[in-house]
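Reading through the structure tokens given below for one structure.
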Amino acid sequence: MKTPSDYQQSIYDVVSLIPKGRVTSYGAIAQFLSLGSARIVGWALNRLSGNNPRQIPAHRVVNAKGVLTGWRAFGSPNTMASLLQSEGVVVEGNRVVDFASTFWHPEELVEE
DNA sequence: CAGCTGACGCATA
DNA sequence: GTATGCGCCAGCT
């Protein structure tokens, strides 16, 4: 099968596995998949923007600081934050409150 | 083919 | 806390 890019598919898979009310970072996914660069994750999600047939909860993916960097790809500057807050994630402006507790590790699901 | 950009991350000043 | 530079990989012009 023609995989556009294996890692990209893996990224979507991992992102889809993010539990509701939790968030993860690009670096976490990149490291989990051994991509070697958080940019690959951001790039993959960016490609997703405007059309996510898999309902990829990209809004659950933030940068290492818990800041909603990709909020612009959702069409509205408030969409991403609204989605997160709707899931129980407290967002202040473009930043996740109590990011450490809200953070979710890909391996956590595997361990669980 | 060469150069630039990008939803990042980290180090340094 | 803010600003700048470097690295990293893939895609687009």
Side-chain angles (χ1 to χ4, degrees):
Chain A
M1 98 179 165
K2 85 170 167 148
T3 57
S5 303
D6 279 358
Y7 54 79
Q8 185 193 59
Q9 185 62 47
S10 300
I11 291 167
Y12 298 153
D13 187 49
V14 174
V15 175
S16 299
L17 293 171
I18 300 174
K20 181 177 166 188
R22 296 271 195 171
V23 297
T24 191
S25 66
Y26 305 95
I29 298 170
Q31 193 172 236
F32 179 69
L33 299 175
S34 300
L35 301 176
S37 301
R39 276 205 169 159
I40 307 295
V41 182
W43 157 77
L45 265 51
N46 178 242
R47 190 176 167 181
L48 202 45
S49 69
N51 182 26
N52 51 352
R54 304 193 172 192
Q55 301 178 353
I56 309 297
H59 56 269
R60 292 183 189 155
V61 186
V62 298
N63 69 359
K65 296 179 177 93
V67 181
L68 284 56
T69 39
W71 96 119
R72 330 182 131 229
F74 289 79
S76 276
N78 210 54
T79 305
M80 190 171 184
S82 295
L83 288 167
L84 288 171
Q85 291 184 81
S86 294
E87 302 197 332
V89 179
V90 183
V91 181
E92 177 65 55
N94 62 322
R95 179 172 133 207
V96 177
V97 178
D98 201 358
F99 179 57
S101 298
T102 313
F103 198 97
W104 174 81
H105 299 264
E107 53 184 78
E108 192 176 314
L109 185 67
V110 180
E111 292 269 354
E112 214 258 310

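Below, chains carry the letters A, B, ... as their sequence lines are ordered, and counting in each starts from 1.
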In this structure, how many angstroms lie between the P atom of C:dA10 and the CD atom of A:Q9, rounded?
16 Å
Protein-nucleotide distance (A:L35, atom CG; C:dG11, atom P), rounded to Å
13 Å
Min side-chain heavy-atom separation A:Y26-A:N63 under 4.5 Å
yes
Is it true that A:Y12 and A:W43 fall in one hydrophobic cluster, defined by side-chain heavy atoms closer than 4.5 Å?
yes
Here the distance between atom P of C:dC8 and atom CD of A:Q8, to the nearest Å, is 22 Å
The side chain of A:W43 lies closest to which of these nucleotides: C:dG11, B:dG9, B:dA7?
C:dG11
A:V96 and A:L68, any side-chain heavy atoms less than 4.5 Å apart
yes
Going by heavy atoms in the side chains, are A:W104 and A:V23 under 4.5 Å from each other?
no
Nearest whole angstrom, please: distance from the C1' of B:dA7 to the CG of A:N52.
13 Å
List DNA chain C stems (3 or more consecutive Watson-Crick/G-U pairs, under 3.5 Å)?
B:2-6 with C:9-13, B:8-13 with C:2-7
Which nucleotide in C:dA10, B:dA7, C:dG11 has an atom nearest any side-chain atom of A:R47:
C:dG11
Counting the atoms with a prime plus P, OP1 and OP2 as sugar-phosphate, which does A:A30 contact under 4.0 Å by heavy atoms, base, sugar-phosphate, or nothing?
nothing
Proximity to the side chain of A:Y7 - top-ranked nucleotide from B:dA7, B:dG9, C:dA10:
C:dA10
So which nucleotide from B:dA7, B:dC10, C:dC9 ends up closest to the side chain of A:A64?
B:dC10
Are A:W71 and A:N94 packed together at the side-chain level, in the sense that at least one heavy-atom pair is separated by less than 4.5 angstrom?
no
Please report the distance separating the P of C:dC8 from the corresponding atom of B:dC1, rounded so that it comes out in whole Å.
22 Å
Mind calculating the distance between NZ (A:K65) and P (C:dG1) to the nearest angstrom?
11 Å
